[in-house]
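All values derive from a computational prediction rather than experimental measurement. Per chain, numbering begins at 1; letters A, B, ... match sequence-line order.
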Amino acid sequence: MKMITAIIRPEKVDEVLNALEQNNIPGVTITEVLGRGEQGGVCLQYRAGKMQVKTLPKTKLEIVVPDKDVEMLIKVIREHARTGKKGDGRIFVLPVEAAAWVRTDEYITG
Amino acid sequence: MKMITAIIRPEKVDEVLNALEQNNIPGVTITEVLGRGEQGGVCLQYRAGKMQVKTLPKTKLEIVVPDKDVEMLIKVIREHARTGKKGDGRIFVLPVEAAAWVRTDEYITG
Amino acid sequence: MKMITAIIRPEKVDEVLNALEQNNIPGVTITEVLGRGEQGGVCLQYRAGKMQVKTLPKTKLEIVVPDKDVEMLIKVIREHARTGKKGDGRIFVLPVEAAAWVRTDEYITG
Amino acid sequence: MDLDTGATAWVLISAALVLMMVPAVGLFYGGMVRKKNVISTMMLSFVALALGIVQWIIIGYSLAFGADVAGVIGWSLDYIGLSGVPIDGVTGGIPDILFICFQMMFACLALAILTSGIVGRVKMSSYIVLGLLWLTLVYAPLAHWAWGGGWAYSLGALDFAGGTVVHISSGFAALALAIVIGKRVGYGKQMFRPHNIPMTLIGGMFLVVGWFGFNAGSALAANQLAASAFLVTAASAATGALTWMALSWKSGKPNSLGFISGAIAGLVGITPAAGYVNVGGGLLIGIITAAVCYAALSWRIKAGLDESLDAWAVHGMGGFAGAILTGVFAVSAICGVGGLLEGNVMQFGIQILDAVIAVVYAFGMTFVIGWIINKTMGLRVTEDEEYIGMDLAQHGEQA
Amino acid sequence: MDLDTGATAWVLISAALVLMMVPAVGLFYGGMVRKKNVISTMMLSFVALALGIVQWIIIGYSLAFGADVAGVIGWSLDYIGLSGVPIDGVTGGIPDILFICFQMMFACLALAILTSGIVGRVKMSSYIVLGLLWLTLVYAPLAHWAWGGGWAYSLGALDFAGGTVVHISSGFAALALAIVIGKRVGYGKQMFRPHNIPMTLIGGMFLVVGWFGFNAGSALAANQLAASAFLVTAASAATGALTWMALSWKSGKPNSLGFISGAIAGLVGITPAAGYVNVGGGLLIGIITAAVCYAALSWRIKAGLDESLDAWAVHGMGGFAGAILTGVFAVSAICGVGGLLEGNVMQFGIQILDAVIAVVYAFGMTFVIGWIINKTMGLRVTEDEEYIGMDLAQHGEQA
Amino acid sequence: MDLDTGATAWVLISAALVLMMVPAVGLFYGGMVRKKNVISTMMLSFVALALGIVQWIIIGYSLAFGADVAGVIGWSLDYIGLSGVPIDGVTGGIPDILFICFQMMFACLALAILTSGIVGRVKMSSYIVLGLLWLTLVYAPLAHWAWGGGWAYSLGALDFAGGTVVHISSGFAALALAIVIGKRVGYGKQMFRPHNIPMTLIGGMFLVVGWFGFNAGSALAANQLAASAFLVTAASAATGALTWMALSWKSGKPNSLGFISGAIAGLVGITPAAGYVNVGGGLLIGIITAAVCYAALSWRIKAGLDESLDAWAVHGMGGFAGAILTGVFAVSAICGVGGLLEGNVMQFGIQILDAVIAVVYAFGMTFVIGWIINKTMGLRVTEDEEYIGMDLAQHGEQA
Ligand SMILES: Nc1ncnc2c1ncn2[C@@H]1O[C@H](COP(=O)(O)OP(=O)(O)O)[C@@H](O)[C@H]1O
Ligand SMILES: Nc1ncnc2c1ncn2[C@@H]1O[C@H](COP(=O)(O)OP(=O)(O)O)[C@@H](O)[C@H]1O
Ligand SMILES: Nc1ncnc2c1ncn2[C@@H]1O[C@H](COP(=O)(O)OP(=O)(O)O)[C@@H](O)[C@H]1O
């Protein structure tokens with residue numbers, strides 16, 4: 001198995017989640033994060049004057065899938081999270097050695 | 001070492017944390033997340049009418065332990081986080097190549 | 001590639017982020033977490049009386065870098081996040097098998 | 001009549017209470033939108049306050065309370081910029097200037113309520129133009145008709161504290177604007193969860209508190225009538241809240257958003273009636289209005305209309321119900337005019353007529369204003385800005 | 001006495017201020033619970049407002065202020081549903097209806113305070129039944145005793161603004177209910193951290209503001225007595241806050257929850273005394289009451305009692321202290337009756353007697369009501385619902 | 001003059017409104033700091049309220065309103081601890097005790113505003129000493145000069161509601177303290193993002209509402225003057241808000257913090273003028289003051305000064321502008337004294353003189369007090385505590 005860690009734009013999350021479901025990938029864990037990358041931040045206004053902020057709100061999706069689904073998953077995320085502008089985000093693939101259920105005694109490896 | 005990533009019910013966190021401590025596993029990092037899985041969401045009320053929400057608040061525990069403790073850890077989490085109903089959560093085991101301390105120069109691998 | 005997962009003191013985040021940037025490591029994903037470790041918690045006041053809280057606010061940085069940068073990265077984080085007191089935090093190194101861009105079709109492995 | 005310092009004290013604080021309601025609408029609405037739009041939603045109400053004050057001073061008061069022109073509008077050059085209003089004039093025991101201030105807050109409040117139909121997508125610049133036009137072309141005439149000597153006033157239509165002037169006008173205006181501006185991107189497909197219900201409850205709490213200035217202050221005196229208006233307002237808010245809670249319980253759980261919506265529905269319903277009915281009427285108006293608004297809101301959701309925060313269902317339909325119920329429950333012992341229950345079919349008819357014309361005018365005229373602005377400056381932000389969220393896109397801020 | 005418009009204005013706004021305190025209790029409490037229970041906690045206070053209004057109109061006022069029956073309860077058929085209350089009656093310068101409204105808010109407030117003992121575990125349906133019974137069987141008699149011509153009134157017991165009627169009653173009721181309903185699951189084992197202290201501070205801020213309507217409004221006039229009540233209220237709140245802060249500093253850090261608790265303790269303590277003591281008395285009452293409440297709260301925690309938000313320690317014990325201190329510091333130059341310091345042992349004794357009987361009655365009767373409801377409908381949600389949190393389980397909402 | 005119950009009612013509620021402003025400052029400030037300092041920031045305002053009340057009762061009132069000593073300070077033994085103030089004295093229609101209460105809140109508010117210069121780094125114990133000294137050595141003399149019969153009063157300087165006494169004094173004091181205490185660690189290097197803008201907007205909303213008690217209450221009567229003060233206050237707040245919004249729009253986006261800052265700037269500007277100008281003056285004062293404060297704030301940021309929450313720019317400079325503009329726009333038909341526009345150069349000069357002396361005294365004396373405390377007890381927490389955050393380090397709490 002692999003854990004797909006995708007950091008994407010918050011405004012694209014709903015679309016991606018819907019797309020995942022339609023592709024029979026219901027399981028996902030979602031975290032609100034702040035990210036910094038090439039996007040370069042945003043210019044916030046203060047009472048007078050501005051301030052340049054380098055970290056932006058992003059959403060991290062963590063999805064554990066069998067190895068075979070990795071490619072498809074990346075494709076789906078790209079399709080629905082892409083705007084073509086800097087800040088669209090990254091996808092990292094991490095190896096997972098085992099997955100267990102809390103509810104049952106199921107335990108799978110590989 | 002392995003990183004045990006457990007996504008469990010928020011209402012079970014205190015119990016699990018206590019159990020971990022009693023088993024001499026004090027170190028843990030906790031994140032509030034939203035999850036979607038087989039549980040299927042919750043029905044929220046609006047001013048009038050309802051709305052079905054598919055993501056639910058969950059808590060993610062990340063615990064890095066030597067390989068030998070993995071089994072025991074999973075057992076402890078299961079014992080204290082299980083209700084037997086859908087939504088109890090998952091446990092993933094990821095390989096960790098090295099662990100370092102910030103406070104000291106300690107650095108261990110494997 | 002490796003994913004460096006560093007759990008550090010929130011009050012040190014700005015300093016570490018600046019240092020990372022100066023070392024040409026702009027990309028980072030930041031999560032607010034609660035942590036428990038050797039630090040042993042903090043004593044909060046209630047209306048009357050106190051309560052001992054074992055989990056403390058920490059900040060988790062996740063940084064994916066080529067293998068060669070790992071050592072340097074750990075050094076930089078240690079340098080800027082260390083206070084020498086318990087609670088400074090941990091750094092874990094996890095293997096990453098592949099990294100993809102959402103914006104482009106770039107995909108790198110290893 | 002000489003200056004009555006007690007009445008003056010009460011209307012002074014009532015004006016402050018109604019003023020408080022304007023940002024309270026922002027809070028109330030702000031908790032129900034998504035996190036990325038909360039500051040923007042609050043700002044719409046805050047800006048309503050500033051715009052309304054300036055517009056009222058410059059021209060609004062003259063249009064609403066100037067000398068009557070053919071029953072449809074007021075006009076007194078003296079009132080433009082309030083330049084010719086004497087500093088020490090007193091009417092009915094309170095300073096003229098205080099009456100101007102009190103009425104000023106009503107205009108601001110109506111504009112704030114209306115933003116329900118455009119939150120999360122309206123361009124700030126267009127909103128400012130819209131607000132000024134709406135206050136001038138919709139609110140001022142309606143205020144004139146009811147209170148400034150216009151046709152409704154002559155006809156004897158009853159509107160104690162602005163059920164028609166404030167609530168029908170803003171509620172149906174919100175509906176018109178929601179149609180002109182269109183749905184928020186993703187509406188009906190994604191879940192738009194209220195991001196901070198406690199914030200909405202706090203806002204609702206201040207709306208409730210302020211409403212006692214709104215209704216009991218409309219007595220323009222500190223006397224038995226004010227006390228009676230206070231009592232029936234409390235009665236209607238209470239039964240409205242309990243009714244809505246019971247209805248939402250029947251089909252699920254007794255939720256807090258329903259409770260507070262019912263309280264507001266009850267308050268809207270009693271607004272036109274507060275000085276005309278007794279406590280029994282108050283209890284019943286709360287129940288009936290809450291049921292009407294609940295039905296309207298349910299229908300609105302089913303119809304897929306994105307009148308986002310339900311000013312139409314609660315204020316528009318609640319105001320409509322209240323106007324008619326005033327014609328039902330008015331007690332001649334209190335105000336000299338009886339309602340349907342006392343056999344006064346005439347008054348009942350007048351109330352319906354008044355409410356219907358207000359609905360038609362507020363909806364139609366707002367639609368026209370919105371349509372023209374949309375065709376010229378554009379009412380709406382770009383889709384990209386909507387995605388990013390109004391707070392960041394329009395205000396450069398994050399909650 | 002003719003209508004005094006100034007007094008009327010002041011009592012009108014005071015009634016609105018006390019009304020504001022009811023949801024403010026919800027805010028205050030809401031910040032101290034865990035996140036999963038915040039909406040539910042706020043709802044308990046909001047519902048208290050709606051229930052209290054309806055109950056007061058229908059029967060509460062009659063029981064409290066109807067013709068005295070044997071010193072223990074009031075009863076006037078005319079007052080049922082307020083049907084026979086004349087719209088334009090005036091007593092002591094203010095409209096009778098206004099007095100009804102003002103008193104109505106006190107009943108609502110007492111019920112809101114009491115929810116401290118049952119938050120995070122009470123079933124909404126049972127709470128509604130409990131609330132109606134409590135208002136009828138506990139609050140109304142106590143109000144009658146002190147203000148409606150009951151035995152305490154005849155005896156000359158002093159309770160200016162409701163130290164006994166509102167605070168002892170609700171505080172000891174909270175204790176009784178906490179015992180009946182039992183601890184929250186996990187209490188004493190897990191940490192129950194206040195999830196949003198700023199929310200509690202905001203709620204506390206509005207409690208403080210509203211209290212000036214509560215105390216100075218209880219003069220039922222806009223005169224020197226009201227001003228004096230205002231002053232001593234401010235004095236007692238200030239020294240109460242500083243005292244509690246100092247005490248918590250001594251054993252740790254000067255925390256904000258302690259500060260605001262002290263302010264409220266000071267306010268509770270001065271409530272029965274506000275119209276009877278001078279500024280020196282006010283300063284001292286704040287200090288003493290805060291110390292008493294601090295000790296009570298510390299004891300409550302050590303005793304492992306889950307009277308969750310300390311209505312007992314702060315309102316119950318604070319009200320008890322205040323009742324007695326009124327008998328110590330009363331100044332005959334202000335109210336015609338001196339306290340212990342003026343050698344009036346008699347009054348001191350009366351105050352103790354009054355407070356003790358109120359404690360016994362409020363605790364005992366509430367215990368009985370709670371016990372019966374618990375045995376019949378059940379007071380408590382299931383353990384599962386408690387785990388999930390009241391917001392989701394009882395209201396289908398999330399903060 | 002006999003007791004005027006209407007005036008009394010109005011000043012009672014105005015005192016409560018100004019009281020509400022004190023914690024509202026805490027809310028307003030609290031939203032603009034970093035999350036780790038929010039409780040601490042709110043606490044500074046809450047403590048200001050408690051300290052101010054106690055200080056005013058014990059000695060402040062005597063210093064400000066006791067018998068004049070050489071034009072610079074007041075002193076009446078009778079007023080110490082208010083021991084000799086008769087309970088039923090009435091002056092100008094309102095109880096003497098009420099005047100004391102109303103003025104008491106002004107002192108508290110000034111101290112709360114001043115905390116802008118020291119948030120996020122001041123030691124609680126030192127702040128308490130600082131607060132007591134500041135109220136005694138800075139606030140009380142300034143209040144005496146303007147209103148208690150001091151030199152400015154004799155000279156005929158106009159300060160209706162405290163532009164000089166409250167705003168210049170606290171604003172320039174904040175500047176002095178910011179210089180003495182030094183920048184927050186990391187200031188200028190890291191971004192200090194406001195952690196909760198909605199909280200600031202809510203605080204701002206209550207400041208705006210309370211300001212009507214502040215300004216219109218300063219008429220100390222419920223009459224035409226109060227109404228006029230209400231109107232011009234609304235006018236100035238509105239144009240102030242719109243002006244600042246426009247200025248921030250020109251250089252970026254119309255942000256909400258700018259809007260609310262402008263509203264407050266407008267309110268500060270109209271404070272000294274509220275009883276002396278007409279509505280045209282009100283509209284213009286809002287515009288001008290907002291522009292002045294905007295420029296001051298921009299300069300402050302460029303200068304790298306960590307006067308953290310801009311009490312200097314908004315209250316200090318706004319109060320300065322307002323004092324002078326009062327001398328420009330005063331209308332003799334309203335207050336018997338004309339301003340520069342009516343050719344009264346003399347009054348214009350007096351206003352400038354008064355403002356300049358207040359600036360110099362407030363800045364200088366506060367600097368000295370701060371410097372001495374810093375050298376003795378130390379004003380500042382350790383760097384470690386600052387890193388961890390004031391909430392945890394000073395109060396043992398977390399927001
Ligand atoms: N090397 C990295 N390690 C961890 N997270 C990263 C890294 N690079 C980027 N990110 C995350 O991805 C987000 C998007 O990256 P960015 O470079 O802004 O966009 P894009 O990849 O579209 O150019 C960042 O905000 C950050 O959260
Ligand atoms: N494939 C997955 N990848 C990542 N997280 C998952 C995955 N499946 C489940 N989860 C997480 O586990 C939580 C519980 O899963 P769910 O299927 O609802 O419960 P259960 O495993 O008890 O049936 C989800 O809310 C989600 O956060
Ligand atoms: N075994 C572990 N697994 C996961 N996270 C850990 C582990 N040990 C420590 N942590 C994280 O690191 C943080 C700092 O650890 P702590 O032991 O308190 O400090 P130090 O490492 O400086 O002694 C903890 O709060 C926790 O978030």
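To the nearest 0.5 Å, atom CZ of residue E/Phe230 and atom CD1 of residue F/Ile100 are 12.5 Å apart.
Most heavy-atom pairs under 4.5 Å with chain E: of the set F/Gly26, F/Ser40, F/Ala399, F/Cys101, this distinction falls to F/Cys101. Between chain E and the options F/Asp88, F/Leu98, F/Leu17, F/Leu51, heavy-atom pairs under 4.5 Å are most frequent for F/Asp88. Chain E forms the most heavy-atom pairs under 4.5 Å with one residue out of F/Met104, F/Met199, F/Gln398, and that residue is F/Gln398. When the candidates F/Val38, F/Ile57, F/Leu82 are compared by the number of heavy-atom contacts under 4.5 Å with chain E, F/Ile57 comes out ahead. Considering only heavy-atom pairs separated by less than 4.5 Å from chain E, the leading option among F/Gly81, F/Gly52, F/Gly203, F/Ala16 is F/Ala16. With respect to chain F, the highest number of heavy-atom pairs below 4.5 Å among E/Ala241, E/Pro198, E/Gly280 belongs to E/Pro198.
Nearest heavy atoms, F/Phe46 versus E/Leu201: CZ-O, 3.5 Å. Pairing each heavy atom of F/Ile87 with each of E/Ser228, the nearest pair is CD1-OG, 3.5 Å. Scanning both residues, F/Leu3 and E/Ala222, for their nearest heavy atoms gives CD2-O, 3.8 Å. Nearest heavy atoms, F/Ala9 versus E/Gly6: CB-O, 3.3 Å. Between F/Ile97 and E/Ala227 the shortest heavy-atom distance is CG2-O, 3.5 Å. Pairing each heavy atom of F/Gly396 with each of E/Lys253, the nearest pair is N-CD, 3.7 Å.
For chain F, the nearby part of E/Met245 is the side chain; its heavy atoms alone come within less than 4.5 Å. Of the atoms belonging to F/Val90, it is side-chain heavy atoms, and not backbone ones, that fall under 4.5 Å from chain E. E/Ala235 touches chain F through backbone and side chain together, each having a heavy atom under 4.5 Å away. For E/Trp249, the part lying near chain F is the side chain, with the backbone staying farther off; criterion is any non-hydrogen pair under 4.5 Å. With a 4.5 angstrom heavy-atom cutoff, E/Leu12 does not touch chain F via any of its atoms. E/Leu257 touches chain F through backbone and side chain together, each having a heavy atom under 4.5 Å away. E/Ile334 touches chain F through its side chain: at least one heavy atom from C-beta onward sits under 4.5 Å away, while N, CA, C and O do not. Neither the backbone nor the side chain of F/Ile58 comes within contact range of chain E; no heavy atoms are under 4.5 Å apart. For E/Asn196, no part lies near chain F; criterion is any non-hydrogen pair under 4.5 Å. At a 4.5 Å heavy-atom cutoff, F/Ser83 makes no contact with chain E through either its backbone or its side chain. Contacts between F/Met43 and chain E at a heavy-atom distance below 4.5 Å involve the side chain alone, from C-beta outward. Contacts of F/Met124 with chain E are made by both backbone and side-chain atoms, with heavy-atom separations under 4.5 Å. Of the two parts of E/Leu231, the backbone and the side chain both hold a non-hydrogen atom closer than 4.5 Å to a non-hydrogen atom of chain F. Of the atoms belonging to F/Ala24, heavy atoms from both backbone and side chain fall under 4.5 Å from chain E.
Using modelled atom types, one side-chain atom of F/His395 and one backbone atom of E/Pro254 make a donor-acceptor pair closer than 3.5 Å. A donor-acceptor contact shorter than 3.5 Å is absent between the side chain of E/Gln224 and the backbone of F/Gly89.
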Kindly determine whether E/Met205 and F/Leu27 satisfy side-chain contact (heavy atoms from CB on, under 4.5 Å), including the steps that lead there.
CA-CA 10 Å; E/Met205 145 186 176; F/Leu27 255 182; 4.3 Å; yes
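If you look at F/Phe206 and E/Phe206, their ring centroids are closer than 6.0 Å.
Between F/Gln394 and E/Asn255 the shortest side-chain heavy-atom distance does not fall below 4.5 Å. A heavy-atom distance below 4.5 Å is not found between the side chains of E/Asn223 and F/Thr8.
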